[in-house]
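Everything below concerns the one structure shown next.
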Amino acid sequence: AGAIRFENVRFAYDPEREILKGISFDVPAGSSVAIVGPSGAGKSTISRLLFRFYDTSSGQITIDGQNIAKVSQHSLRAAIGIVPQDTVLFNDSIAYNIAYGRPGATEAEVYRAAALAQIGNFIESLPDGYKTMVGERGLKLSGGEKQRVAIARTILKAPPILVLDEATSALDTHTEQEIQGALTLVSRERTTLTIAHRLSTIVDADEIIVLRAGEIAERGTHASLLAQR
Ligand code: ADP
Ligand code: ADP
């Protein structure tokens, strides 16, 4: 489940300037598509439209054949998990952060998600900046550790669709590679839309779409796109 289709999608934040100029692509259920392109090309706008933060100016977006304009915000959010570039943590334990919004999750499920994301060892710790009334300070989490918290949240949520929006772009190369491994684990057999600045950070997408100035400039596999360069 979770097939995504963009059909001739146009969008403008401001009517004077069109940001997406008729974009069409498919992410078949269970497959993985990456959108790459320079900053300002409109990549994040695509993910914002998928979440219906905005409506398209024309064209439509469907999930499993259903126009998202007719789907409730609640079911849309239930269907899509996101690992954003910067994960903002609540002022509470890592376990709380992973379980937030999942009242049905058992402690065992939260710990399993943490273990898979390789943060099982500090699940009871508190994020940086946390202060209790006696002024105790929390553990300082690195960017990679914060991303692992986001990954654990997604493992627990287990949505049919996963959106990775520059999920590793704020990390150093070594950490990026580690986090890529964890993301590959989460995205397996899930419909995945990856948004990235650089082609080199895409490891295993079934299709790569190069977006430039709101238009699809090229599309192909990793190998076919590299061969053209
Ligand atoms: P990318 O993710 O490829 O860097 P974005 O989708 O974030 O690009 O942005 C595409 C264009 O839309 C940019 O020129 C950006 O300045 C503009 N833009 C983004 N958000 C807004 C907004 N809320 N209002 C007006 N313009 C915006
Ligand atoms: P939820 O916990 O609400 O079911 P997620 O864990 O998948 O959903 O989302 C975590 C948070 O990321 C949510 O608060 C959501 O509003 C926010 N979010 C959604 N879309 C984006 C986006 N495109 N970029 C950054 N954050 C987003």
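All ligand and atom numbering here is 1-based and tracks the order in the structure. Everything quoted here is computed from the prediction, not taken from an experiment. Positions are given from 1, in the same order as the sequence printed here.
Relative ring orientation between Phe90 and Tyr100 is described as tilted, the plane-to-plane angle lying within the 30° to 60° band. Ring-plane geometry between Tyr54 and Tyr13 is classed as perpendicular, the angle between the planes exceeding 60 degrees on a 0 to 90 degree scale with a lower cut at 30.
Atom 8 (O) of ligand 1 has as its closest protein heavy atom Gly42 N, 3.2 Å. Looking only at heavy atoms of the protein, atom 10 (C) of ligand 1 is closest to Gly40 O, 3.4 Å. Regarding atom 2 (O) of ligand 1, its nearest protein heavy-atom neighbour is Ser44 N, 2.8 Å. Ranking protein heavy atoms by distance to atom 5 (P) of ligand 1, first place goes to Thr45 OG1, 3.7 Å. Ranking protein heavy atoms by distance to atom 19 (C) of ligand 1, first place goes to Tyr13 CE1, 3.5 Å.
Under a 4.0 Å criterion applied to the non-hydrogen atoms of Arg17, ligand 1 contributes the atoms 13 (C), 14 (O). The Tyr54 neighbourhood of ligand 1 comprises atoms 23 (N), with distances under 4.0 Å to a heavy atom of that residue. Remark: ligand 1 atoms within the under-4.0 Å shell around heavy atoms of Ser39 are 4 (O). Heavy-atom contacts of Pro38 reach the following atoms of ligand 1: 3 (O) (cutoff under 4.0 Å). Near Arg48, meaning under 4.0 Å from any of its heavy atoms, are these atoms of ligand 1: 7 (O), 19 (C), 20 (N). Taking every heavy atom of Ile19 and a limit of under 4.0 angstrom, the matching atoms of ligand 1 come to 10 (C), 11 (C), 12 (O).
Distance remark: protein heavy atom not present below 4.0 angstrom from atom 15 (C) of ligand 1.
No more than 12 heavy atoms of other residues, nucleotides or ligands sit less than 6.0 Å from atom CZ of Arg112. Taking a 6.0 Å sphere around CD of Glu189, one finds it holds 12 or fewer heavy atoms contributed by other residues, nucleotides or ligands. Other residues, nucleotides and ligands contribute at most 12 non-hydrogen atoms within 6.0 Å of the CZ atom of Arg5. For Gln73, the CD atom counts as densely surrounded, since its 6.0 Å shell holds more than 12 non-hydrogen atoms of other residues, nucleotides or ligands.
Put simply, the side chain of Ser142 does not reach to within 4.5 Å of the side chain of Thr175, judged on heavy atoms.
A donor and an acceptor atom, one from each side chain of Gln147 and Thr168, are nowhere located under 3.5 Å apart.
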